[in-house]
There are 2 protein chains.
Amino acid sequence: MPRVGLNQQTLVREAARLADEVGYQQLTLAALASRLGVALPSLYKHIRGADALAQKLSALATAELATELTTAAAGRAGGDALRAMADAYRDYAHRHPGRYPATQRVPDPADPEHVEAGTRAVAAIYAVLRGYGLTDDDAVDATRALRSALHGFVALEAAGGFGLPREVDRSYQQLVAGLDVAFRSWPSAAG
Amino acid sequence: MPRVGLNQQTLVREAARLADEVGYQQLTLAALASRLGVALPSLYKHIRGADALAQKLSALATAELATELTTAAAGRAGGDALRAMADAYRDYAHRHPGRYPATQRVPDPADPEHVEAGTRAVAAIYAVLRGYGLTDDDAVDATRALRSALHGFVALEAAGGFGLPREVDRSYQQLVAGLDVAFRSWPSAAG
DNA sequence: GGCGTTGGCTAAGTGGAATAGCTTTATGGC
DNA sequence: GCCATAAAGCTATTCCACTTAGCCAACGCC
């Protein structure tokens, strides 16, 4: 039995690739083992189980997404930054349909890299919102609104929830334009 | 073997109750059969399988949600209608945490009731947007934006994605207020 | 009351996750 | 270089969910 030379990193990376090909829900230990050319139980030498794999995949995807969001917003401000970030967000979801759902898993407090990735993603959003003069509670609310809108759109799109012929790209542009308008007049003291 | 007197309707209704108790992902045919006091294969006399059950549950939940959205918006207009509908939406997701995810499944074209429920839900949203003077392409875009924002928020909330102490209720109010602002100045001819 | 339809059942197969326990490989100390 | 040991494979087995096949009993109609 020649050794394949697996380790957790190669395993998680291959899981990410596999998920993008077959879908997040179809990512199974059995499929991963088959892909790597080992028997299923062999994976347990490197990862605690299916749930741990999902968590590590989430950390990987979140880190990737955070980096892309940060890069997109760099050197831009206001509506420019918002549009660039929103495009990067949806683009990542399109390019990595299997990884994207993993980013929605809440970071594991016991995994510093996962926590850091989540923090970086939120920080990227915060930075954009600072360009609108939003801080503290307003920034928290606006961050939640932005995440909700982007994730909701991408999730509905992936689920095939947009049946009408109207182009989805344009609807997304309008959504982001609407967010821009909303953030510009975001209430500082609403009740 | 005394007959329990099952039929598809009671089966789907019980599945809805069970899903709300244990979660959508934990709704299994095994759990449902146990709950109904029959052996698992007996369910197949009434439903084609696990996927068909999920589809029927989606039809049920979508119909319920459509009704609640329609009721909430009735007799209101503009921002009033928007807020009432948004509250009804999130309220439904909270009261029915197991049914809500089912509403995201795309209606089965072969199930007229399912299709009708989906149509009613979208129609309720359209009616609210007409109060903002939005029609045609603008209404399509705005509907997608509204659905995205509401679903995204509810999904992130359910996933535990809002870690900070800032009250989630207030964030939701701000989101809806932002949508109101955006819809009032929704671009009629953007490009 | 017979009989067909229907709604239960048991049995068995598939596929994924997980654990136990064995064997082989790679490696580091002497 | 040899060997002890840890690591990385393996097979076998259990558990759980879904599904199909095929049997039998109950109910309902004439």
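Below, chain A is the first sequence line, B the second, and so on; all start at residue 1.
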Below 4.0 Å: OP1/OP2 of D:dA7 and any side-chain N or O of A:H46: no
Interatomic distance, B:Q26 CD vs D:dC16 P [rounded to whole Å]: 15 Å
Separation of C:dG16 C1' from A:L27 CG (nearest whole Å): 12 Å
B:S42 side-chain proximity, nearest of C:dA17, C:dC9, D:dA17: C:dC9
Criterion side chain to side chain donor-acceptor pair (under 3.5 Å) against B:S58, the qualifying member of B:Q104, B:R105, B:H114: B:H114
Protein-nucleotide distance (A:Y44, atom OH; C:dA18, atom P), rounded to Å: 4 Å
Main-chain N/O of B:A86 paired to B:Y172 side chain as donor or acceptor, under 3.5 Å: yes
Protein-nucleotide distance (B:K45, atom NZ; C:dT5, atom C1'), rounded to Å: 10 Å
Closest to side chain of A:P41, choosing from C:dG7, D:dC18, D:dC10: D:dC10
Whole angstrom value for the distance that separates C1' of C:dG8 from CG of B:L11: 13 Å
Pair B:Y100-B:H151, side-chain donor/acceptor within less than 3.5 Å: yes
A:R170 versus A:Q174, side-chain donor and acceptor atoms under 3.5 Å: no
Options D:dT11, D:dC18, D:dA8, nucleotide nearest the side-chain atoms of A:A39: D:dT11
Which nucleotide in C:dG8, D:dG9, D:dC18 has an atom nearest any side-chain atom of B:L40: D:dC18
Rounded distance (Å) that lies between atom P of D:dC10 and atom CG of A:L36: 11 Å
Whole-Å distance separating the CG atom of B:L53 from the P atom of D:dA17: 15 Å
Protein-nucleotide distance (A:R35, atom CZ; C:dG16, atom C1'), rounded to Å: 18 Å
Side chain of B:T28 (C-beta onward), nearest among D:dT19, D:dA17, C:dG8: D:dA17
B:D111 side chain to B:E113 backbone, donor-acceptor under 3.5 Å: yes
Per B:A30 side chain, nearest of listed nucleotides C:dA18, D:dA17, C:dG16: D:dA17
